[in-house]
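Below, chains carry the letters A, B, ... as their sequence lines are ordered, and counting in each starts from 1. The analysis underlying the following values was restricted to heavy atoms, covering all of them including side chains, and did not include hydrogens, waters or symmetry mates.
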Number of protein chains: 4
Amino acid sequence: MADIYPEYGFDNSVSVYYYITDWSVIELKVNMARPKNPEIRSERQQQILEAARQIFGEHGLAEARMDDIALAARLSKGTLYLYYKSKDDLVVGLLEALFSQALVQLRAIIELPGLTAEARMIHYVERIVSLMESDASLLNISYEFYAVAARRPAVRDYLQTYFGEYRGLLAALLEQGKARGEYPLVDSGQAALTLVALLEGCTLLWFTDHTAVNPRQTLPVVIRQFFNGLT
Amino acid sequence: MADIYPEYGFDNSVSVYYYITDWSVIELKVNMARPKNPEIRSERQQQILEAARQIFGEHGLAEARMDDIALAARLSKGTLYLYYKSKDDLVVGLLEALFSQALVQLRAIIELPGLTAEARMIHYVERIVSLMESDASLLNISYEFYAVAARRPAVRDYLQTYFGEYRGLLAALLEQGKARGEYPLVDSGQAALTLVALLEGCTLLWFTDHTAVNPRQTLPVVIRQFFNGLT
Amino acid sequence: MADIYPEYGFDNSVSVYYYITDWSVIELKVNMARPKNPEIRSERQQQILEAARQIFGEHGLAEARMDDIALAARLSKGTLYLYYKSKDDLVVGLLEALFSQALVQLRAIIELPGLTAEARMIHYVERIVSLMESDASLLNISYEFYAVAARRPAVRDYLQTYFGEYRGLLAALLEQGKARGEYPLVDSGQAALTLVALLEGCTLLWFTDHTAVNPRQTLPVVIRQFFNGLT
Amino acid sequence: MADIYPEYGFDNSVSVYYYITDWSVIELKVNMARPKNPEIRSERQQQILEAARQIFGEHGLAEARMDDIALAARLSKGTLYLYYKSKDDLVVGLLEALFSQALVQLRAIIELPGLTAEARMIHYVERIVSLMESDASLLNISYEFYAVAARRPAVRDYLQTYFGEYRGLLAALLEQGKARGEYPLVDSGQAALTLVALLEGCTLLWFTDHTAVNPRQTLPVVIRQFFNGLT
DNA sequence: AATGAATGAGGGTTCATTCAT
DNA sequence: AATGAATGAACCCTCATTCAT
């Protein structure tokens with residue numbers, strides 16, 4: 001490709017001149033102004049959160065730099081501060097965004113008709129594992145948040161809510177199976193706790209040693225053991 | 001004894017020549033680097049590690065300041081660097097110190113005579129919980145290390161070894177019970193993985209929400225469920 | 001003009017697609033990284049180099065503090081690092097700036113018409129002496145660079161180039177006089193070396209003892225001696 | 001060589017045990033106490049100065065560390081301060097030691113009988129070049145001192161004295177030749193200045209570019225040119 | 001709305017110097 | 001006389017945040 005000479009106009013436009021020869025030139029004038037509509041705010045926030053997830057996941061909450069996030073979001077550093085008033089604010093924003101979506105899968109599965117509780121769980125962990133495998137940074141960030149929970153009330157509160165809901169949903173799932181007579185269950189709350197612990201524990205083992213634990217194999221086995229133990 | 005002629009080399013060594021006769025000589029080259037007083041050395045390292053555990057646990061690995069660690073160790077900042085050549089080095093030093101001691105309890109319990117596997121596990125978790133309750137920073141630091149494992153090979157490797165040994169010890173414990181006919185166990189390796197996952201999972205739930213989970217109650221229950229599930 | 005669809009890439013680029021028809025499209029990928037305002041950039045660099053020259057000259061390369069340079073440049077310390085990525089980088093930047101300008105005088109004098117070589121040299125040293133007298137730090141820095149050349153390849157390379165050019169220019173000047181029959185000269189390269197040595201040697205003597213050597217008197221005398229020696 | 005086990009006694013002795021086998025051992029007990037005599041002081045100072053020359057030459061005055069000098073001197077850091085009360089003091093000590101010896105060669109040559117002044121000079125530069133070639137750090141340190149002269153009166157004063165004596169000796173040498181009628185010389189002081197400048201200038205050119213200037217060839221040529229110019 | 005130049009407090013690390021043994 | 005453990009001031013560099021344009 002021949003040389004390209006962009007020229008920045010005062011009207012948020014870029015004129016790109018493509019000099020085929022010295023005297024023949026293609027001019028493309030492009031209005032660079034992004035669409036102004038009320039959704040800008042949420043679009044930018046998405047953009048930033050996505051960048052934050054990537055960078056925080058890669059470097060950790062403390063070591064990640066706002067510059068890097070701005071670069072990944074294709075925005076200037078200053079613009080970040082139009083949408084999040086501090087790095088801390090961004091951390092909490094990401095926390096909320098991530099964990100508010102985390103249980104969507106589980107809720108969907110609970111609403112599926114006609115499956116045993118065990119089948120639902122197997123189904124669920126398959127989806128979770130796929131998600132985690134598709135983006136390693138998700139797990140990284142989770143542990144970042146766990147580590148930080150002890151020091152930051154906002155994070156701890158959010159995680160408390162999250163795990164509370166998590167256990168509540170699993171208890172509901174187990175109640176379904178109990179109502180259908182799949183197993184005699186004494187305390188579905190206690191069992192839900194055990195289930196969450198198993199899932200989180202296996203995930204930790206996988207996280208610290210990808211070679212020693214294969215979640216696609218291990219988790220279904222563990223789930224089945226769990227349900228066998230109930231009867 | 002004949003005359004001895006020491007010669008001082010440039011490499012902190014002394015070459016000692018022992019002239020048996022004029023023409024026959026024994027040369028002994030000895031490194032004179034007097035071992036830096038090993039008592040002081042290990043005392044200071046302990047002092048620093050203790051301070052590091054406290055400060056890292058309180059503020060997190062990244063946010064902790066070397067000044068604070070020096071203060072907590074009642075040493076000057078410069079002295080820290082006589083024993084650990086960087087903050088990173090100190091982090092790894094602490095990691096090794098902590099996790100190398102973590103399994104001592106478990107090993108001791110395995111060697112106790114005449115208990116069922118279940119009783120041993122109940123015993124073990126009681127001790128662990130006591131330990132964690134006595135110093136909250138222990139758990140904080142653990143999660144710091146987990147979070148950092150993804151980015152730092154040295155940490156990841158250490159954790160891999162740690163969890164590998166952990167599972168190995170639990171498998172050995174389960175084999176003991178199996179040999180005594182306490183339960184029919186197919187795969188003690190798989191069961192050990194489940195056990196570690198349960199323990200770690202419950203710990204995480206407790207860590208994120210001290211009000212929702214009481215490990216003194218929960219862990220024994222979970223252990224019993226586990227052993228019931230085996231039969 | 002047909003519709004234009006810009007697409008924002010992750011690399012600060014915009015791909016502009018010009019759909020001539022549905023199936024034929026011109027793609028122009030343009031780097032949108034707006035050139036960091038080049039005026040400000042060069043202005044700041046000048047500002048910083050000027051301050052660096054002053055402070056390095058006053059305190060020496062190693063003893064000079066970045067704080068002082070920032071103060072002298074009326075900028076914050078952080079700003080220094082926007083333009084030079086380290087103290088080392090600044091040292092090399094100053095080296096290049098100083099020595100690239102050092103020979104401008106000599107080139108100008110060589111291009112003056114109608115003077116004997118001797119007259120040109122007299123003229124040249126007068127200017128040089130004026131320059132050095134007007135700012136003592138110039139000489140200081142030169143000797144800093146000489147001292148550092150042995151340890152830093154970047155500095156050594158630059159000085160080699162500088163002295164190479166210096167000798168080349170003087171050789172050219174001497175060739176001019178030779179061509180005009182002012183003196184029978186065998187080897188203008190060797191003579192140029194002698195000339196540079198004389199100038200640098202006298203400068204050193206002056207530098208170490210301002211009272212013993214007066215360059216305004218000494219250098220012309222030495223130059224005349226040199227040319228007398230040629231015949 | 002088999003393993004050697006040194007043991008440090010309380011009486012400044014080292015016992016070296018050479019275990020030929022487990023039961024047969026050679027013991028060499030060596031008194032490590034260095035001889036206590038009134039010359040200790042000057043011996044240590046020599047030791048330290050030698051180390052300082054090496055390390056300062058290698059790293060520069062500012063970048064050299066007292067630790068390195070202590071190591072090179074095979075002494076502890078504390079001992080350095082028994083003989084020189086500060087790094088600065090050591091710098092000045094080295095300066096004096098080096099430059100007080102620098103003119104010994106020249107004085108010796110002046111006192112040789114029956115040579116022309118030119119022959120003496122040729123002789124002298126040969127020795128000087130040999131000296132510089134044998135230990136590159138000598139030149140390095142010289143330029144360190146030149147660079148520092150502007151900021152430190154003690155250094156400047158010493159260099160002034162040195163160059164003053166240097167010129168005086170060369171003037172005396174030239175007077176000898178003049179007295180013998182080797183050349184008609186108007187001002188031997190001025191000629192001595194020229195000579196020093198030539199020597200120092202050539203040395204600088206060699207120092208900054210070892211490939212462009214070969215002092216063994218260049219200096220004799222320059223000397224001869226100088227004497228030719230006198231007649 | 002967006003930019004990016006500028007800031008400056010803060011942290012990790014170094015190293016000359018001291019001093020108890 | 002000699003040691004080396006300890007100190008702490010100093011310095012380079014980073015990076016979250018601000019603000020004029």
Requested in this report: Both distances under 3.5 Å, Watson-Crick or G-U wobble: report the partner of dA6(F), or none.
Outcome: dT17(E)
Query raised in the report: Given dG4(F), is OP1 or OP2 found less than 4.0 Å from the side-chain N or O atoms of Arg41(B)?
Result: no
Report summary line: Distance col, row Ile141(D):CD1 vs Gln54(D):CD, nearest 0.5 angstrom, shows 9.5 Å
Query raised in the report: Think Ser76(D) has a side-chain N or O under 4.0 angstrom from the OP1 or OP2 of dT3(F)?
Result: yes
Query raised in the report: How do Thr79(B) and Arg74(C) order along DNA chain E: which one's closest nucleotide is nearer the 5' end?
Result: Arg74(C)
Query raised in the report: Would you say Ser137(C)'s side chain and Asn140(C)'s backbone share a donor-acceptor pair under 3.5 angstrom?
Result: no
**Report entry** Gap between atoms NZ and C1', on Lys85(A) and dC19(F) respectively (whole Å)
**Finding:** 19 Å
Query raised in the report: Salt-bridged, Arg151(C) to Glu58(D), with N to O below 4.0 Å?
Result: no
Requested in this report: Mark yes or no for whether Lys87(D), through its side chain, and Ala62(D), through its backbone, hold a donor-acceptor pair below 3.5 Å.
Outcome: yes
Report task. Mind running a 4.0 Å heavy-atom check of residues 55-68 of chain B against DNA chain E and sending the residues that fall below it, in number order? Result -> Ala64(B), Arg65(B), Met66(B)
Query - CD on Glu63(D) to CG on Leu61(C), rounded to 0.5 Å - result: 8.5 Å
Query raised in the report: If you find the nucleotide of DNA chain F closest to Leu82(B) and the one closest to Ser86(C), which residue's nucleotide is nearer the 5' end?
Result: Leu82(B)
Query raised in the report: Once you round it to whole Å, what is the distance between C1' of dT3(E) and CD1 of Ile40(C)?
Result: 12 Å
Query raised in the report: Within less than 4.0 Å of OP1 or OP2 of dA2(E), is there a side-chain N or O belonging to Tyr83(A)?
Result: yes
Query raised in the report: How close or far is atom P of dG8(F) from atom CG of Leu75(B), stated in whole angstroms?
Result: 11 Å
Query raised in the report: Would you say Lys77(D) reaches dG4(F)'s phosphate, i.e. side-chain N/O to OP1/OP2 under 4.0 Å?
Result: no
Report summary line: Arg44(C) atom CZ is separated from dG4(E) atom P, nearest whole Å, by 16 Å
Query raised in the report: CG of Leu90(D) versus P of dT17(E): gap in Å, rounded?
Result: 10 Å
Report task. Can you tell me the distance, in whole Å, between the CG atom of Asp88(D) and the P atom of dT17(E)? Result -> 8 Å
Report task. Could you tell me the separation between the CD atom of Gln47(D) and the C1' atom of dA2(F), rounded to a whole number of Å? Result -> 12 Å
**Report entry** Rounded distance (nearest 0.5 Å) linking atom CG of Asp89(C) with atom OH of Tyr83(C)
**Finding:** 14.0 Å
**Report entry** Taking every non-hydrogen atom, the tightest pair across Ile48(C) and Ala73(C)
**Finding:** CA-CB, 4.2 Å
Report task. May I have the distance from Tyr81(A) (atom OH) to dT7(E) (atom P), rounded to whole angstrom? Result -> 17 Å
Query raised in the report: Considering Watson-Crick and G-U wobble pairs with both distances under 3.5 Å, what does dA1(F) pair with?
Result: none
